[in-house]
Participant: 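Have a look at this one before I ask anything.
Side chains included, hydrogens not; waters and symmetry mates left out as well; all remaining heavy atoms used. Chain letters run A, B, ... following the sequence lines, proteins first, then strands; residues in each count from 1.
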2 protein chains.
Amino acid sequence: MVSFSLLNHREGDIKMNQSVIKALKLLDYFTEDTPEWTLKEIAIRAELPKPTAYRLLTSLEYCGFLRKIKQSEHDSRYQLGVKLLELGHRVADQIEIRKIAKPFMEQLGERLNEAIHLVTVEGGQAIYIDKVDSHRALRLCTKVGKRSPLYSGSGPKLLLAHLQEDEQATVLQTISHPFIDSSRVKAELKLIKEQGFALSEGEQDVDTTGVSYPIYDYQHSVVAAIAVSGLTSRFEGDNLLRIQEETRKTAQQISSALGYQIN
Amino acid sequence: MVSFSLLNHREGDIKMNQSVIKALKLLDYFTEDTPEWTLKEIAIRAELPKPTAYRLLTSLEYCGFLRKIKQSEHDSRYQLGVKLLELGHRVADQIEIRKIAKPFMEQLGERLNEAIHLVTVEGGQAIYIDKVDSHRALRLCTKVGKRSPLYSGSGPKLLLAHLQEDEQATVLQTISHPFIDSSRVKAELKLIKEQGFALSEGEQDVDTTGVSYPIYDYQHSVVAAIAVSGLTSRFEGDNLLRIQEETRKTAQQISSALGYQIN
DNA sequence: TGCTTCGTTTCATTATTTAAAATGACATTT
DNA sequence: AAATGTCATTTTAAATAATGAAACGAAGCA
């Protein structure tokens with residue numbers, strides 16, 4: 001079992017500040033179902049003495065993490081504050097999917113010993129933004145930064161399948177390749193979305209096969225694809241099933257690291 | 001009704017937990033320009049002893065508010081953590097007007113191809129609670145969650161103009177800016193109320209102009225402002241008239257969706 | 001009026017934070 | 001190869017700041 005956010009710290013650790021932890025944990029009580037709490041409710045729920053809870057809540061409010069709605073002298077409610085909007089947005093802007101995905105890609109690369117790629121969309125094209133090479137003698141050495149049309153290769157196709165319909169249509173219109181039938185492409189994209197992964201055989205390179213799974217962000221949008229590729233002969237039978245399962249898990253782990261939550 | 005409550009707490013207050021405040025303030029150092037900090041940098045910047053900063057950072061990391069990237073034994077960097085994404089999203093979900101306004105904002109954004117913002121009042125300040133970016137190369141990228149004084153920018157000014165008289169007076173008293181003449185501000189606020197919209201040129205950013213219209217709820221209270229902003233050169237002549245007309249309509253649509261009815 | 005329920009404050013006690021100094025691991029310089 | 005410097009981390013006794021039982025005051029209820 002691979003846990004992808006290994007916590008280094010135990011709660012009782014001396015090297016932490018207990019007050020900070022107590023305060024931050026209070027924020028978790030403010031959920032979609034229970035967005036409002038009174039001092040008394042929080043104190044009971046968190047098993048803290050009322051004055052302690054009071055001071056923690058007041059501190060959180062002072063910093064904008066909570067909002068206090070005082071309706072009368074002895075009826076105050078707390079809600080999450082707008083400071084969290086600001087910070088949440090900052091995180092979203094700062095997330096560099098490459099950095100987050102890299103360790104997981106390396107792990108997957110060691111396990112499968114095949115080339116692992118991270119692919120995104122920009123300007124109607126697929127772009128390989130990172131890779132981990134396999135250690136095999138005969139190996140695929142794709143260049144990071146390579147651009148590719150969205151209809152060719154497992155990663156690009158997967159991304160195309162998850163584009164908004166209008167964007168997808170725009171891309172499909174640009175396919176001028178004589179051998180490609182756009183109605184068949186559409187059918188395949190539909191299948192890719194349904195089965196949750198994309199397969200390509202000999203599309204990017206002769207004799208190589210690729211398998212891709214989607215990476216989701218906290219908004220449940222597909223932001224990238226993780227692709228495993230190598231010699232077609234190594235992508236058959238039980239081996240293929242194993243590659244698929246490992247890749248699916250890795251994509252899931254990276255998604256979680258990006259804040260994706262299944263609810 | 002636009003809620004209005006001035007902050008009740010001073011920093012030195014006994015009724016707060018200093019450790020919590022110190023920790024939360026550290027998060028503010030992680031901006032777009034400086035998204036990464038080492039322990040040493042944070043300790044210097046926050047003027048805290050290294051071990052103290054260390055424990056605060058470790059506690060924040062333990063709760064997912066920070067992410068530690070340990071590259072080697074003596075090279076660790078901290079970034080904002082995905083927990084903030086989760087909490088930010090929870091706050092966003094709790095602001096109902098966002099959900100209602102979003103589709104209309106997107107529609108307006110497509111029509112005008114300029115940045116659209118949704119602005120409200122809290123704690124005597126304007127807060128940008130949502131945005132739709134334009135697709136132009138040169139575009140305004142304002143941050144959601146940003147606070148701004150109520151006398152600067154079309155959205156804030158419009159909200160200020162529609163505050164209750166006593167609240168408006170309180171805000172105007174806090175204006176200590178040497179170049180701002182409060183009697184002229186009052187005159188402008190009166191005009192804004194009369195003409196039904198607010199204009200700002202170069203107030204939030206040099207070279208940008210903003211146009212704002214009020215959003216009313218079922219009680220006929222102004223609950224938010226919708227603001228369109230972009231390069232001043234694009235806000236002139238017939239173009240400005242078109243922007244005003246489209247924005248006015250959108251504000252009207254959102255108001256209707258909130259239950260506002262003209263009798 | 002008396003009783004209860006809140007949020008808030010008080011204050012003596014004590015547990016937790018504090019920060020100087022030391023440590024160990026690595027990198028760079030001599 | 002030894003010495004120096006730099007960093008994150010751990011240790012320590014000292015000091016401060018958090019603690020929580022109790023009390024307070026304001027509001028609602030009976």
Side-chain angles (χ1 to χ4, degrees), chain A residues 6-27 29-30 34 36-63 65-79 81, chain B residues 3 5-27 29-30 34 36-63 65-79 81:
Chain A
L6 288 168
L7 295 174
N8 302 316
H9 312 288
R10 281 153 296 142
E11 191 167 344
D13 261 349
I14 296 167
K15 54 184 171 185
M16 290 202 265
N17 184 309
Q18 300 305 316
S19 300
V20 173
I21 291 171
K22 273 182 220 162
L24 297 183
K25 285 198 166 177
L26 293 186
L27 295 175
Y29 295 127
F30 297 82
T34 56
E36 276 191 7
W37 291 83
T38 65
L39 166 62
K40 195 197 178 188
E41 289 166 351
I42 279 281
I44 291 171
R45 180 74 195 275
E47 297 180 49
L48 290 170
K50 233 194 312 179
T52 301
Y54 176 69
R55 280 184 292 254
L56 296 178
L57 290 172
T58 304
S59 303
L60 287 165
E61 184 211 352
Y62 174 74
C63 294
F65 283 64
L66 288 179
R67 194 162 78 95
K68 184 179 183 176
I69 302 155
K70 188 162 184 170
Q71 291 176 334
S72 69
E73 201 56 44
H74 54 295
D75 181 18
S76 296
R77 298 156 186 286
Y78 293 89
Q79 292 180 356
Chain B
S3 85
S5 72
L6 292 170
L7 298 173
N8 303 314
H9 310 292
R10 281 153 298 144
E11 190 167 345
D13 262 350
I14 295 169
K15 53 185 172 185
M16 291 201 262
N17 184 309
Q18 300 304 317
S19 299
V20 173
I21 292 171
K22 274 183 218 158
L24 297 182
K25 286 198 166 177
L26 292 187
L27 296 174
Y29 295 126
F30 296 82
T34 56
E36 277 192 5
W37 292 83
T38 65
L39 166 61
K40 195 196 178 187
E41 289 166 351
I42 279 282
I44 292 170
R45 179 74 195 275
E47 296 180 50
L48 290 170
K50 235 199 295 185
T52 301
Y54 176 69
R55 277 184 296 259
L56 296 178
L57 290 172
T58 304
S59 303
L60 287 165
E61 184 210 352
Y62 173 76
C63 293
F65 283 62
L66 287 179
R67 196 161 75 92
K68 185 181 185 174
I69 301 154
K70 188 164 184 170
Q71 291 175 334
S72 70
E73 201 57 45
H74 56 295
D75 182 18
S76 297
R77 295 156 187 287
Y78 293 88
Q79 292 180 355

Participant: Take the protein atom NZ of A:Lys40 and the nucleotide atom C1' of C:dC6, then report the distance between them rounded to whole Å.
Facilitator: 8 Å

Participant: Using the side chain to side chain contact (heavy atoms under 4.5 Å, CB included) rule, take A:Lys25 and A:Ile21 through it: C-alpha gap first, then chi angles, then the decisive distance, then the call.
Facilitator: CA-CA 6 Å; A:Lys25 285 198 166 177; A:Ile21 291 171; 4.1 Å; yes

Participant: Measure CZ/A:Arg77 against P/C:dC6 and give the value in whole Å, please.
Facilitator: 11 Å

Participant: With side chain to side chain contact (heavy atoms under 4.5 Å, CB included) as the test, would you mind laying out the steps for B:Leu27 and A:Phe65 before giving the verdict?
Facilitator: CA-CA 11 Å; B:Leu27 296 174; A:Phe65 283 64; 3.6 Å; yes

Participant: For atom CD of A:Glu47, is the number of surrounding heavy atoms from other residues, nucleotides or ligands below 6.0 Å larger than 12?
Facilitator: no

Participant: Between B:Tyr29 and B:Trp37, how do the two ring planes meet: parallel, tilted or perpendicular, split at 30° and 60°?
Facilitator: tilted

Participant: Reading nucleotides 18-25 of chain D from the 5' end, what letters show protein touch, with B for base, S for backbone sugar-phosphate only, - for no heavy atom under 4.0 Å?
Facilitator: SBBB----

Participant: Expressed in angstrom and rounded to an integer, what is the separation of A:Lys70 atom NZ from C:dC6 atom P?
Facilitator: 16 Å

Participant: Rounded to the nearest Å, what distance is computed from the CG atom of residue A:Asp75 to the P atom of nucleotide D:dG28?
Facilitator: 10 Å

Participant: Looking only at heavy atoms, which two atoms of A:Glu36 and A:Arg77 are closest? And how far apart?
Facilitator: OE1-CD, 3.2 Å

Participant: Roughly how many Å is it from CD1 in A:Ile21 to C1' in C:dT16, rounded to a whole number?
Facilitator: 13 Å

Participant: Quickly work out the A:Leu39 CG to C:dT5 P distance and round it to whole Å.
Facilitator: 15 Å

Participant: How about B:Phe30 and B:Leu66: do any of their side-chain heavy atoms sit closer than 4.5 Å?
Facilitator: yes

Participant: Could you walk me through whether A:Leu48 and A:Ile42 satisfy the side chain to side chain contact (heavy atoms under 4.5 Å, CB included) test, starting with their C-alpha distance in whole Å, then the side-chain angles of each, then the deciding distance to 0.1 Å, before giving a yes or no?
Facilitator: CA-CA 8 Å; A:Leu48 290 170; A:Ile42 279 281; 5.8 Å; no

Participant: Nearest whole Å is fine: how far is C:dG7 P from A:Ile69 CD1?
Facilitator: 14 Å

Participant: Which atoms form the tightest heavy-atom contact between B:Leu57 and B:Tyr78, and what is the distance?
Facilitator: CD1-CE1, 3.7 Å

Participant: On a heavy-atom basis, which atom in A:Cys63 and which in B:Leu24 lie closest, and how many Å separate them?
Facilitator: CB-CD1, 3.7 Å

Participant: Could you tell me how far apart A:Trp37 (CH2) and C:dC6 (P) are, to the nearest whole angstrom?
Facilitator: 15 Å

Participant: Just the atom pairs and distances: protein N or O near nucleotides 13-15 of chain C's N or O, under 3.5 Å.
Facilitator:
none

Participant: Is any side-chain nitrogen or oxygen of A:Lys68 closer than 4.0 Å to OP1 or OP2 of C:dT8?
Facilitator: yes

